[in-house]
Protein chains: 4
Amino acid sequence: MWIPIQLNEQSAEPLYYQIEVQLRALIVSGQLAEGTLLPSIRELAKTLKCSVITVRRVYQDLENEGLLRTRQGTGTFVAKVGDEERRRHRTEAVVETLESAVDTGLQVGCGEAELRKLFDEVLSRKLADRPERPPLGGDGGNA
Amino acid sequence: MWIPIQLNEQSAEPLYYQIEVQLRALIVSGQLAEGTLLPSIRELAKTLKCSVITVRRVYQDLENEGLLRTRQGTGTFVAKVGDEERRRHRTEAVVETLESAVDTGLQVGCGEAELRKLFDEVLSRKLADRPERPPLGGDGGNA
Amino acid sequence: MWIPIQLNEQSAEPLYYQIEVQLRALIVSGQLAEGTLLPSIRELAKTLKCSVITVRRVYQDLENEGLLRTRQGTGTFVAKVGDEERRRHRTEAVVETLESAVDTGLQVGCGEAELRKLFDEVLSRKLADRPERPPLGGDGGNA
Amino acid sequence: MWIPIQLNEQSAEPLYYQIEVQLRALIVSGQLAEGTLLPSIRELAKTLKCSVITVRRVYQDLENEGLLRTRQGTGTFVAKVGDEERRRHRTEAVVETLESAVDTGLQVGCGEAELRKLFDEVLSRKLADRPERPPLGGDGGNA
DNA sequence: GTGGTCTAGACCACC
DNA sequence: GTGGTCTAGACCACG
């Protein structure tokens with residue numbers, strides 16, 4: 001099964017964090033359905049050209065968050081995520097970042113109108129750039 | 001002279017970064033006028049209850065950005081900031097964070113409408129919470 | 001023949017261990033009488049929805065402990081368990097776990113009284129929850 | 001500062017887990033007071049003769065549980081633990097183990113009286129063996 | 001000095 | 001084959 005994760009080696013963000021963010025997004029957005037068997041840590045590590053330990057950490061962190069479940073000798077699966085939890089996860093990161101942006105804007109003296117304008121510009125640009133991404137087949141490898 | 005900087009020890013963001021962001025905002029927003037003498041490194045460190053090394057780094061970074069100027073034996077001043085530069089600085093951080101938020105939102109499957117709604121909520125809340133802050137006296141320091 | 005074994009997939013305990021503990025308990029408590037023919041490895045694996053390898057390991061381990069005997073081409077039987085051995089086995093696991101619990105309690109600063117209270121609570125609760133379980137018919141298998 | 005942690009290399013329990021259990025106990029029992037600066041991961045690793053990574057994992061896990069707080073460049077501190085949380089943590093592990101012991105006992109056919117007798121024996125023995133341990137000085141190294 | 005990330009690689013337990 | 005633990009050691013960021 002193929003998982004669309006893009007790493008940016010130039011970024012200051014740690015590798016494990018980049019992977020976590022993207023994998024978490026795939027799960028809470030439902031693109032990776034409950035019960036889906038993820039690639040083994042070794043396999044994903046090879047795919048991403050990083051250490052198995054880095055991938056392991058990702059899986060472990062997401063398991064601690066309750067998004068994954070792993071069974072030794074079997075593999076790592078997408079856990080059941082309640083609707084409530086899914087909604088919370090979905091907007092949590094977005095809202096946090098928006099708050100930070102608005103905070104910064106207000107502090108440097110932007111008014112409400114200017115902030116709205118900047119947001120509109122960013123949103124329009126991002127929507128235009130948006131790559132078409134068909135939903136992942138979520139039934140592959142689900143034992 | 002008093003500089004309104006709030007540190008959050010709980011945050012994962014490094015101390016120096018929190019200080020930099022806020023000090024930069026005060027400068028590019030004009031709340032700290034050109035030529036203003038900043039508190040000495042030692043004084044600000046004492047005020048913020050952090051290491052002098054941390055403050056030193058902040059002043060150094062902002063000097064490298066051209067926002068501060070240091071004169072040996074005299075102190076550190078707010079440099080002249082061109083209108084062009086000021087405008088760029090002002091929106092730069094905001095736009096970056098907004099982009100990051102929108103990216104995250106799109107990746108977890110939020111639609112345009114939902115993102116706009118979240119932004120509106122955040123903006124309204126922040127505007128309501130906004131503390132009244134009179135402009136700082138920019139006419140020199142008492143260090 | 002039906003063997004009452006409950007597996008908890010959520011548990012961190014390995015499957016083979018959960019099965020071993022419960023099967024051992026059935027034997028040393030006399031609920032599975034000497035000479036009883038156990039279900040075949042394949043059958044039990046199917047019943048428990050786990051790998052034959054897992055069941056094989058369980059039978060092997062219990063055979064090494066002297067609780068089971070395997071006769072090629074015939075099947076696996078409950079071995080003769082001496083009274084001495086039965087008594088030892090019966091309390092061994094219980095005592096070990098009790099010791100571990102008491103150790104933990106003392107280390108976190110519980111006093112004797114508090115430990116007794118906790119034990120009473122747990123015991124009462126478990127006795128109340130206890131499902132009625134009639135003794136198993138120990139007179140041979142239908143495999 | 002000295003932390004009384006005993007490792008059992010023979011045990012099947014992973015090192016990191018043994019350390020976690022004991023450190024957690026010291027914290028929730030109040031023997032390590034809020035704000036106490038723990039030994040650095042390198043120092044504790046040397047003391048315990050294990051890898052820094054093992055200690056790091058312990059600190060990280062306990063930080064995820066909210067029992068520790070670490071500040072880069074400064075060290076790792078005991079976090080504020082609410083009374084409610086402390087009580088929960090304190091009895092949680094004990095109760096779990098007691099339940100497991102009682103479960104086992106009932107399954108092998110012990111009656112209530114026998115279980116009480118076993119518990120009494122274990123408790124008495126452990127109380128007698130108990131080493132005298134004076135409270136730790138919790139004010140060492142607290143910057 | 002501190003913690004944080006990433007690496008390679010060994011060995012074990014489980015299915 | 002899978003994941004789990006532990007190791008040694010490099011390099012960076014922070015105070």
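- Heavy atoms of other residues, nucleotides or ligands lying less than 6.0 angstrom from CZ of R42(B) number 12 at most.
- Nearest heavy-atom pair across P4(B) and Q22(B) is O-OE1, 4.1 Å.
- If K49(A) and R71(D) are placed on DNA chain E by their nearest nucleotide, the residue sitting closer to the 5' end is R71(D).
- Taking atom CD of residue E43(D) and atom C1' of nucleotide dG3(E), one finds them 14 Å apart after rounding to whole Å.
- Atom-to-atom, CG of L15(D) to C1' of dC12(E) comes out at 13 Å; the value is rounded to the nearest Å.
- R57(A) comes within 4.0 angstrom of sugar-phosphate atoms only, judged by non-hydrogen atoms across all strands, and of no base.
- For R56(A) and dG3(F), the shortest distance from a side-chain N or O to OP1 or OP2 is not below 4.0 Å.
- Distance Y17(D) OH to dT5(F) P: 11 Å, rounded to the nearest Å.
- T70(A) has a side-chain polar atom (N or O) that falls below the 4.0 Å cut-off from OP1 or OP2 of dG4(F).
- For dT5(E), neither phosphate oxygen OP1 nor OP2 lies less than 4.0 angstrom from any side-chain nitrogen or oxygen of T54(A).
- Across all strands, C50(D) comes closer than 4.0 Å only to sugar-phosphate atoms, never to a base (heavy-atom distances).
- In this structure, dT7(F) forms a base pair with dA8(E), meeting either the Watson-Crick or the G-U wobble geometry with both donor-acceptor distances under 3.5 Å.
- Rounding to whole angstrom units, NZ of residue K46(D) and C1' of dA8(F) are separated by 16 Å.
- Straight-line distance from the CD atom of Q72(D) to the P atom of dC12(F): 14 Å, rounded to whole Å.
- Geometrically, R57(A) engages Y16(A) in a cation-pi contact, judged by NZ or CZ lying under 6.0 Å from the ring centre and within 45° of the ring axis.
- Contact check for L32(C) versus L38(C): side-chain heavy atoms found under the 4.5 Å cut-off.
- Residues V108(C) and L26(D) fail the side-chain proximity criterion, which asks for heavy atoms closer than 4.5 Å.
- I53(A) comes within 4.0 angstrom of a base, heavy atoms only.
- Rounded to an integer number of Å, the gap from E9(A) CD to dT5(E) C1' is 13 Å.
- Taking the nucleotide of DNA chain E with the nearest heavy atom to each of E13(A) and P14(C), the more 5' of the two is matched to E13(A).
- The separation between L68(D) atom CG and dT2(E) atom C1' is 15 Å, rounded to whole Å.
- Heavy atoms of Y16(B) sit under 4.0 angstrom from primed sugar atoms or phosphate atoms, though from no base atom.
- The side chain of T74(A) contributes no N or O atom lying less than 4.0 Å from OP1 or OP2 of dC15(E).
- Going from atom CZ of R42(A) over to atom P of dC11(E) covers 14 Å, rounded to whole Å.
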